[in-house]
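Worth knowing before you read on, the calculation uses all heavy atoms, side chains too, and leaves out hydrogens, waters and symmetry mates. Whatever order the structure lists them in is the order used to number ligands and atoms, beginning at 1.
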Amino acid sequence: MNKFEQLGLNESLLKAILDLGFENPSEVQEKAIPLLLEKDTDMVALAQTGTGKTAAFGFPLIQKIDADNRNTQALVLSPTRELCLQITNELKNYSKYEKGINVVAVYGGASITEQAREVKRGAQIIVATPGRMQDMINRGLVNIKNIDYCVLDEADEMLNMGFYDDIVSILSDTPDEKSTWLFSATMPQEVARIAKQFMSDPLEITVGTKNSGSSTVSHEFYLVNARDRYEALKRLADANPDIFSVVFCRTKRDTQAIAEKLIEDGYSAAALHGDLSQAQRDGVMKSFRGRQIQMLVATDVAARGIDVDNVTHVVNYQLPDEIETYNHRSGRTGRAGKLGTSIVIVTKSELRKISSIERIIKQKFEEKSIPSGIEICEIQLLHLANKIKDTEVDHEIDNYLPAINNVLEDLSKEELIKKMVSVEFNRFIAYYKKNRDISVSGGERRERGDSEPREFSNNGAVRYFVNIGSRDNFDWMSLKDYLKETLDLGRDDIFKVDVKEGFSFFNTDPQHTDKVMDVLNNVQLEGRRINVEISKNDGGGRRDHNNRGGRRDSGRREGNFAPRREGGFRSDRNSSRDGGSREGGFRGDRNSSSRREGGFRSSAPRGENGGSDRAPRRSENFGDNSRPRRSRRD
Ligand code: ADP
Ligand code: MG
């Protein structure tokens, strides 16, 4: 007997569940389903987004509906058209082996007469948005006076969106004896008020901590000046070549404007907001699901209920007015057990909101600084190198090779690599060369007594690069712990830990440098030698620590394809910030197929050995096979 059978679900549902591929019930399903099946009761169920709430009410609802009776027996209210359609679709899937159950979606922006006709044909379950439902009631197109069940799905969202009056009015049109099931990710006061007003003695189910965000999501904020918001967004995108994100703006106008700017700058972006026609919105969502769009710029309302897996980042371009909304934004990533990052671009005056959000999500934010041009160049270069390495060769090309070889035959392998990478990369360097550092230090956070004051200043610190990262199952906290233990250093001795997929950066004070270099370069992680070196990007550009042991050797770099940094193109404050933006977009890199193929799959982002006691090796970045590789592809 599988776990779903134990919950008391009938044959036809179990069969449908088998088709859905659900193996085990989620926690909220395990808790809610038996209770709802057992008796007619009111229920309040709190669970984060992505925890399977639809099935938690959907399975029992289908089982309880009388298929032989064609009257409307259940009403599901949900905040948006998208969710409404999604739920309808799910309910249809659940009931596919149950003859005679009709589920009808009722939502704005589509023909009301058509929807009324469908309802009239017999809809035991109506899934509706509050606005359209109210409209249908007013026009006498539906009858919900005899329903047995009313589900308020994503109740907090509906109330956030200002549907309080509609909900109250709709509920007063339903019989008192019905059962009301309220599902919500959070329990703000308004939701509690609805529960109190319209429910009697509800059973309460809570999954995880109340109000907490999903633990698969890590939260970061980047402090910038208001005028640098957009530049910051671009840099974050550039620093994450594989980004697949929802970018939230506060207004439709900003949403449209930011999307347009991104497109102009060569990013695969699109806007999603309420001023678009239904067809346009559907088109955008289709492209997003199909990964033709890497950055979906959206308003809160339009993005509600977006259920797209594998979103890597949620970007709060602007924080929402209602702090509660933050949870819903960040819930767009970290779904289905995947890890996700929720980023906030924040100005000093908004900083206190971060603390309020931390209290709500019961998770700490990590303050990070906007990557410098150098850091981005580094990341993009490695991305490019990996892309070259992973590119599959179409043998059509063989026909042209003799001619190509003819042109290139005088170049050594090193020269060839350098030139090839430069084809793509010169634009990048040209762009970031002109760009200043836009990080702002976060004095306020420090005054608030946060644990890591030094995160905010790189003064005097040494920045390291190490060839382990998230693919080795590290996040910044676990890497910090690991380094602390391995190096026998105190918690505050290691800071500014920044974990990328195949590598990471961290800082220490200079007095620990010898220890870091000696110890770390001689340890192994699961059989792989750790390679640490001092990053020429010292994290703040204030000092040059790279002369230790003669490691700063530009000749060594020549063998690789790292940009030449001696020119110091970090803080050229006089150059025009926007001058290079068109070049800065890395157009060629942004189609979906290359994004999927890309990533830091090579386990050794730099092929050289930075240990002070070893001679630097050269030009190993391409096809460095010297280290075991994990084949992770996601
Ligand atoms: P919520 O309403 O809590 O945000 P959903 O009901 O939309 O979550 O479910 C999120 C995703 O998880 C959906 O893709 C759904 O198909 C899937 N899902 C739900 N229950 C299960 C289960 N028991 N096993 C596997 N996947 C599930
Ligand atoms: Mg839901």
Quick look: Phe4 vs ligand 1, heavy-atom contacts under 4.0 Å, and the answer is side chain

Taking both backbone and side-chain atoms of Glu23, is any N or O found less than 3.5 Å from an N or O belonging to ligand 1?
-> no

Ligand 1 to Thr51, heavy atom cutoff 4.0 Å, flagged ligand atoms 1 (P), 3 (O), 8 (O)

_Gln318-Asp254 side chain donor-acceptor pair, cut-off 3.5 Å_ = yes

Next on the checklist: So for ligand 1, is Gly50 a polar contact partner (N or O within less than 3.5 Å, distance only)?
Outcome noted: yes

Notebook entry, point to check: Any Lys/Arg nitrogen of Lys286 or Asp282 sitting under 4.0 Å from an Asp/Glu carboxylate oxygen of the other?
Noted result: no

Closest to the Mg ion (ligand 2), among the N/O/S atoms of Glu154, is atom OE2

Can you confirm if the aromatic rings of Phe221 and Tyr326 lie within a centre distance of less than 6.0 Å? no

- [ ] Compute the ring centroids of Tyr230 and Tyr317, then answer whether they are less than 6.0 Å apart.
- [x] no

Test: Lys15 and Glu11 ion pair at under 4.0 Å:
no

Item to complete: Report yes or no: does Glu38 contribute a side-chain atom to a donor-acceptor pair with the main-chain N or O of Leu35 at less than 3.5 Å?
Response: no

With heavy atoms and a 4.0 Å threshold, my read on which part of Gln48 contacts ligand 1 is backbone

Polar proximity ligand 1 side, Gln86 side, N/O cut 3.5 Å exclusive: no

Worksheet entry | Heavy atom of Ser26, distance to ligand 1 below 4.0 Å | yes

Looking only at non-hydrogen atoms, the one of Thr54, Asp309, Ile17, Asn24 nearest atom 6 (O) of ligand 1 is Thr54

Is the closest N or O pair between Phe22 and ligand 1 shorter than 3.5 Å? no

Within the 4.0 Å heavy-atom cut-off, what Asp153 brings close to ligand 1 is neither

Charged N-O contact under 4.0 Å between Arg289 and Glu82: no

Near Lys53 (heavy-atom distance under 4.0 Å), the atoms of ligand 1 are 1 (P), 2 (O), 3 (O), 4 (O), 6 (O), 8 (O)

Q. Is there a donor-acceptor contact under 3.5 Å linking the side chains of Glu350 and Thr347?
A. yes

